[in-house]
Amino acid sequence: MTLSIATWNVNSIKARLPNVLEWLGEAKPDIACLQEIKCQDEGFPREEIERLGYNIETVGQKSYNGVALLSRFPIEEVAERALPGGNGEEEQARYIEVVISAPGGPVRVASIYLPNGNPAPGPKYDYKLEWMARLHAHAAKLLAYEEPLVLAGDYNVIPRDADVHDPAAWEGDALTLPASRDAFFALQWLGLTEAFQHLDGRAHQYTFWDYQAGAWQKNNGIRIDHLLCSPQAADRLKSIEIHKDVRGKEKASDHVPVVGTFDL
DNA sequence: ATGGTCGACTCTCGA
């Protein structure tokens with residue numbers, strides 16, 4: 001039994017609905033983690049997506065951020081609607097974690113929109129690092145369950161120089177700063193496996209191309225959308241694919257889907 | 001080439 005889990009920063013679900021429906025219809029992921037839905041829960045186009053056979057949970061926010069989780073299989077529990085460890089009130093909509101009743105057994109999946117952090121240094125960068133520290137603490141707790149777990153999303157971290165077209169152009173950016181990379185690798189040292197590097201690892205395989213300056217046409221991209229897997233998920237990971245062609249469509253998001261398949 | 005991309009929204013910010 002194969003289970004496919006995708007992540008895609010759609011950059012507004014309303015602006016992207018035709019693209020999202022087309023892609024879901026073709027790729028047919030079992031589970032899809034969406035980021036930057038940029039709408040409140042009541043504004044999410046549920047019916048159109050439910051019609052394709054998905055159960056839906058959202059954590060929305062007006063104008064900015066917002067995450068969603070789509071699943072062909074029942075969502076038996078919404079474990080978290082925010083990343084634990086925050087101080088509540090000004091919480092941004094960047095995290096949802098669910099337990100899905102997949103045919104091969106339960107799988108815990110989170111849709112993650114990690115703060116961008118620019119400009120760095122500054123309060124936005126501090127918030128990014130604080131958020132990553134909270135994610136580290138929460139992931140440590142989840143790993144103790146020793147269950148299949150996939151933390152999928154826009155991490156806003158370029159792991160290696162090989163994951164950016166021009167490392168010099170990104171020097172000093174919050175997506176490549178050593179503290180950002182250190183925090184990202186600290187998640188892996190906990191025991192999480194980054195699916196792309198584990199199975200593929202090729203240089204210059206990107207998941208984001210800026211709208212500006214002809215970045216897509218010049219293939220000036222970066223790889224910032226990742227699947228992090230617990231040992232119980234990584235052991236069953238069979239493939240990882242970046243759906244690059246999606247970036248070339250009309251009205252494309254600046255990110256493309258990344259899809260992992262598992263024998264689960 | 002005196003602009004340069006998009007999306008949400010009140011007009012300017014975030015990415």
Side-chain angles (χ1 to χ4, degrees), chain A residues 7-23 33-46 48-49 58-68 83 86 90-95 111-132 135 152-159 163-167 169-177 179-181 183-184 206-226 242-258:
Chain A
T7 182
W8 189 12
N9 180 323
V10 296
N11 186 15
S12 169
I13 189 65
K14 290 178 185 172
R16 213 65 58 214
L17 189 59
N19 302 54
V20 170
L21 294 175
E22 180 185 18
W23 179 77
C33 302
L34 307 183
Q35 300 88 36
E36 279 207 272
I37 62 173
K38 288 186 170 177
C39 66
Q40 293 172 303
D41 292 334
E42 55 269 33
F44 191 89
R46 301 184 65 89
E48 293 91 331
I49 293 173
T58 62
V59 173
Q61 177 181 333
K62 191 178 181 184
S63 306
Y64 304 113
N65 311 313
V67 289
L83 181 62
E90 74 275 27
E91 194 66 38
Q92 299 175 1
R94 295 179 174 278
Y95 189 88
S111 179
I112 291 176
Y113 180 45
L114 209 143
N116 176 292
N118 281 306
K124 290 190 174 178
Y125 192 59
D126 295 341
Y127 181 65
K128 177 177 195 159
L129 292 182
E130 287 164 19
W131 209 92
M132 294 185 86
L135 182 60
D154 176 0
Y155 280 76
N156 269 314
V157 174
I158 300 168
D163 299 312
V164 51
H165 63 97
D166 181 2
W170 286 78
E171 198 175 342
D173 190 278
L175 279 60
T176 60
L177 278 175
S180 307
R181 287 180 169 171
F184 185 66
Y206 307 132
T207 65
F208 168 94
W209 295 259
D210 200 282
Y211 288 123
Q212 298 188 65
W216 166 244
Q217 289 75 13
K218 295 185 234 171
N219 196 29
N220 288 348
I222 56 178
R223 191 172 69 86
I224 56 176
D225 299 275
H226 309 297
I242 299 171
H243 288 202
K244 183 177 179 180
D245 60 304
V246 171
R247 185 64 179 81
K249 304 265 187 185
E250 283 296 310
K251 288 272 290 174
S253 170
D254 39 9
H255 296 250
V256 297
V258 180

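Order of the sequence lines fixes the chain letters, A, B, ..., with proteins taken first and strands second; residue numbering starts at 1 for each chain.
Taking atom CD on A:Q217 and atom P on B:dT5, their separation rounds to 11 Å, with Å as the unit. Atoms CG (A:L17) and P (B:dG7) sit 13 Å apart, rounded to a whole Å. The separation between A:N19 atom CG and B:dC6 atom P is 13 Å, rounded to whole Å. The NZ-C1' distance, from A:K218 to B:dG4, rounds to 10 Å in whole Å. One atom, CD of A:Q61, and another, C1' of B:dG7, lie 14 Å apart when rounded to the nearest Å.
Of the C1' atoms belonging to B:dC6 and B:dC11, the separation is 15 Å, rounded to the nearest Å. Nucleotides B:dG4 and B:dA15, compared at atom C1', are 16 Å apart to the nearest Å. B:dG14 and B:dT10 are spaced 14 Å apart, taking the P atom of each and rounding to whole Å.
When the side-chain nitrogen and oxygen atoms of A:R16 are compared with OP1 and OP2 of B:dC6, none of them lie within a distance under 4.0 Å.
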How does protein reach along nucleotides 10-15 of chain B, written 5' to 3' as B (base within reach of a heavy atom under 4.0 Å), S (only sugar-phosphate), or - (no contact)? ----SS
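In this structure, the separation between OH on A:Y206 and NZ on A:K244 is 8.5 Å, given to the nearest 0.5 Å. Here the OG1-NE2 distance, from A:T207 to A:H243, works out to 12.5 Å after rounding to the nearest 0.5 Å.
Between A:F184 and A:H226, the ring-plane angle classifies as tilted under the 30° and 60° cut-offs.
Looking only at side-chain heavy atoms (C-beta outward), A:N11 and A:K38 come within less than 4.5 Å of each other.
Looking at A:C33, A:S253, A:S111 one by one, the single match for side chain to side chain contact (heavy atoms under 4.5 Å, CB included) with A:W8 turns out to be A:S253.
By the side chain to side chain contact (heavy atoms under 4.5 Å, CB included) test, A:A93 is found to be paired with A:V59, A:Q61, residues two or more places apart in sequence or in another chain being considered.
Nearest-nucleotide mapping onto DNA chain B: of A:S63 and A:G214, the residue sitting toward the 5' end is A:G214.
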